[in-house]
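A short write-up of the structure that comes next.
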Amino acid sequence: MSAEPLVYASQTARRARRTYAFLAAPDAERNGLRRVPVVIAGGGPCGLAMALDLARYGVECVVLERANCLSDGSRAICWAKRSLEFLDRLGAAAGLVARGVTWNVGKVFLGSAPEPIYTFDLLPEKDQKFPAFINLQQYYLEEALVERLAAEACVELRWQHAVKAVRQDAAGVTVDIGTPLGDYTLACDYLIAADGCRSTVRSLLGLDFAGRSFNDNFLIADIRMKAPFPAERRFWFDPPFNRGRTALMHRQPDDLWRLDFQLGPTVDRRAALEPAAVAAKVHGMLGAEIPFEYEWVSIYDFQCRRMERFVHGRVLFVGDAAHLVSPFGARGANGGLQDVDNLGWKLARVLAGRSPPALLDSYDVERCRAADENILNSARATDFMTAATPAAQAYRDAVLELARDFEFARPLVNSGRLSRPAVLDDSPLSTPEASTFEHAMRPGAPCVDAPLGSGWLLEKLGGRFVALHFAADDAAQRQVPAGVELVVVRPADDREGLAARRYDAAPGTTYLVRPDQHVCARWRAFDPHALDAAVKRATVH
Amino acid sequence: MITTPNLTDPDGFFAALMALHEGLSDAESRRLDARLVLLLANQIGDPAVLADVLAAARRASAAPELAPGAG
Ligand SMILES: Cc1cc2nc3c(=O)[nH]c(=O)nc-3n(C[C@H](O)[C@H](O)[C@H](O)COP(=O)(O)OP(=O)(O)OC[C@H]3O[C@@H](n4cnc5c(N)ncnc54)[C@H](O)[C@@H]3O)c2cc1C
């Protein structure tokens with residue numbers, strides 16, 4: 001995406017976006033002597049989470065970040081439940097939820113009607129540890145991850161260290177790094193490219209990034225105001241303050257609000273960014289009398305792209321470096337964090353010699369498909385809004401007109417299909433099921449949460465292979481094969497039977513859950529041999 | 001997909017359709033048609049039938065155009 005930022009004075013924002021000190025690499029490295037298991041290029045949400053996840057598995061890594069500060073401008077604000085569940089495993093979710101704005105409901109408005117034509121609840125199944133979404137500025141999430149990383153002895157985070165050249169052979173990768181004090185070189189077993197949509201590593205390797213741009217422009221204004229609007233996503237089609245186009249409003253912490261106005265295919269960017277032009281839109285949306293301050297205002301156009309493959313020998317791509325989506329649906333960073341969750345345990349196993357490098361191929365297969373799903377969803381939403389041809393316009397308008405009067409048309413209204421974790425259908429790591437179960441929690445599905453004892457089911461899963469066994473009685477014990485940990489759901493802990501219901505479980509039902517909390521296999525009865533075979537398959541043994 | 005006659009009063013239906021569009025601009029007609037398609041699609045519901053109908057509509061338009069005033 002390209003953006004022309006126009007910064008309005010705001011000291012608060014400047015303070016929130018912290019800067020970090022440059023530290024030179026140790027002398028030994030400047031002589032080209034050091035080899036580390038993993039180098040991560042880029043310290044955005046994905047690079048930082050990647051380092052934390054690898055640290056959990058005891059993998060040593062060095063994170064190289066070109067900048068000396070957290071992300072700038074208007075970037076991600078919506079963090080999905082699945083991301084929070086992953087960040088919880090990294091020990092970072094509680095603080096984020098406490099600071100963020102929790103929301104579950106989205107409303108779609110048409111024209112000047114004060115009542116929404118369509119309201120959706122993104123968390124139909126309550127009783128889960130995390131809400132459907134929190135809103136929180138990207139720099140706060142990055143700041144929290146940086147703080148967590150400081151406690152990890154095996155991770156070094158280096159500000160103002162930029163990747164300049166990359167060479168790889170069968171034995172490893174060599175990375176040339178530029179710093180304010182000159183260049184140095186690091187060798188590593190694997191290089192993870194988390195260096196964003198304009199990835200240096202991707203260009204250095206001469207790799208493609210195919211996809212499409214949308215012929216449309218969006219004015220994004222982060223403003224500060226005291227306003228009574230509730231914490232919900234509000235989306236307008238054809239509002240009086242942006243006729244014939246769309247608008248979006250999101251609440252953020254610190255009395256900040258994200259306003260997004262569609263501008264159309266041809267726009268004079270300078271004129272549209274004039275303070276008076278922006279103020280007219282903002283006052284149109286919020287009322288003439290509301291006082292507000294600008295935090296950040298810019299115009300974006302959006303693209304959907306992905307690399308053909310995410311695994312290139314010993315160079316592995318995650319996040320925006322691997323795939324780019326338009327923001328309607330909040331699938332960018334949320335999708336990237338799923339990449340990280342998927343890759344961490346696999347890379348740790350390969351580095352420890354517990355699985356062959358072929359395990360990494362499953363990262364490629366699983367996450368390329370997931371990226372396609374994210375691209376499909378965000379492209380469809382953007383196409384619905386942009387309505388590039390007269391036919392598309394007629395159908396979009398027809399959908400909106402019908403949605404006012406008829407329930408059937410409301411699911412056709414597309415203001416963004418908000419991020420959901422990918423179901424890894426047809427994963428080579430899954431064991432096809434032999435018994436009859438309800439479809440939802442099939443092999444490949446992300447595990448759903450439920451209350452358990454005084455905590456939550458998901459708190460018991462992740463980080464290792466778990467045999468999740470639903471027991472008939474509270475005293476049940478089972479012998480599990482090596483490499484698997486047993487978690488028993490006892491009737492006394494699943495008091496309302498929500499876990500059993502969500503997993504379509506009867507006494508005896510056993511799930512094999514991957515370290516990234518995806519279902520790997522399931523059976524109606526506990527069978528240690530079947531478990532063993534399923535784990536071997538999932539770890540490419 | 002039903003390809004044999006299924007309308008009880010074909011001429012009556014056609015006339016009603018024309019009456020619906022009377023006095024509308026091209027753009028208004030287009031939108032009306034779009035609403036109609038969406039309403040009818042929801043009556044069908046079945047994704048396989050809908051896929052057949054979409055394909056058939058596209059095929060019909062690929063056929064040579066009717067000569068003006070034919071017949
Ligand atoms: C307007 C807008 C709204 C968005 N809203 C959402 C949302 O609500 N939810 C959501 O999930 N996503 C959202 N996104 C997308 C989200 O911001 C990105 O998906 C996310 O930042 C990707 O994280 P990343 O770590 O992969 O890359 P980045 O955040 O781009 O981080 C890459 C890092 O690599 C560094 N780097 C680059 N080159 C080098 C180099 N050569 N050497 C060392 N370091 C380097 C950069 O300095 C940067 O810090 C939004 C995006 C935009 C533009």
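The chains referred to below are lettered A, B, ... by the order of the sequence lines, with proteins before strands, and numbering in each begins at 1.
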Among residues 365-382 of chain A, residues within the sub-4.5 Å heavy-atom range of chain B, in order of number, are none
Minimum heavy-atom separation for Ser326(A) to Cys304(A), with atom names? N-SG, 3.8 Å
With side chains defined as the heavy atoms from C-beta onward, is the minimum distance between Met285(A) and Phe261(A) less than 4.5 Å? yes
Side-chain donor-acceptor pair present, Asp216(A), Gln262(A), cut-off under 3.5 Å: yes
Measure up the Phe384(A) and Phe237(A) rings against each other and bin them: parallel (under 30°), tilted (30 to 60°), perpendicular (over 60°). perpendicular
Determine whether the aromatic ring centres of Phe328(A) and Phe214(A) lie less than 6.0 Å apart. no
His439(A)/Asp504(A) under side chain to side chain donor-acceptor pair (under 3.5 Å): CA gap, chis, key distance, verdict: CA-CA 9 Å; His439(A) 196 54; Asp504(A) 184 23; over 6 Å; no
Is it the side chain or the backbone of Leu39(B) that comes within 4.5 Å of chain A heavy atoms, both, or neither? both
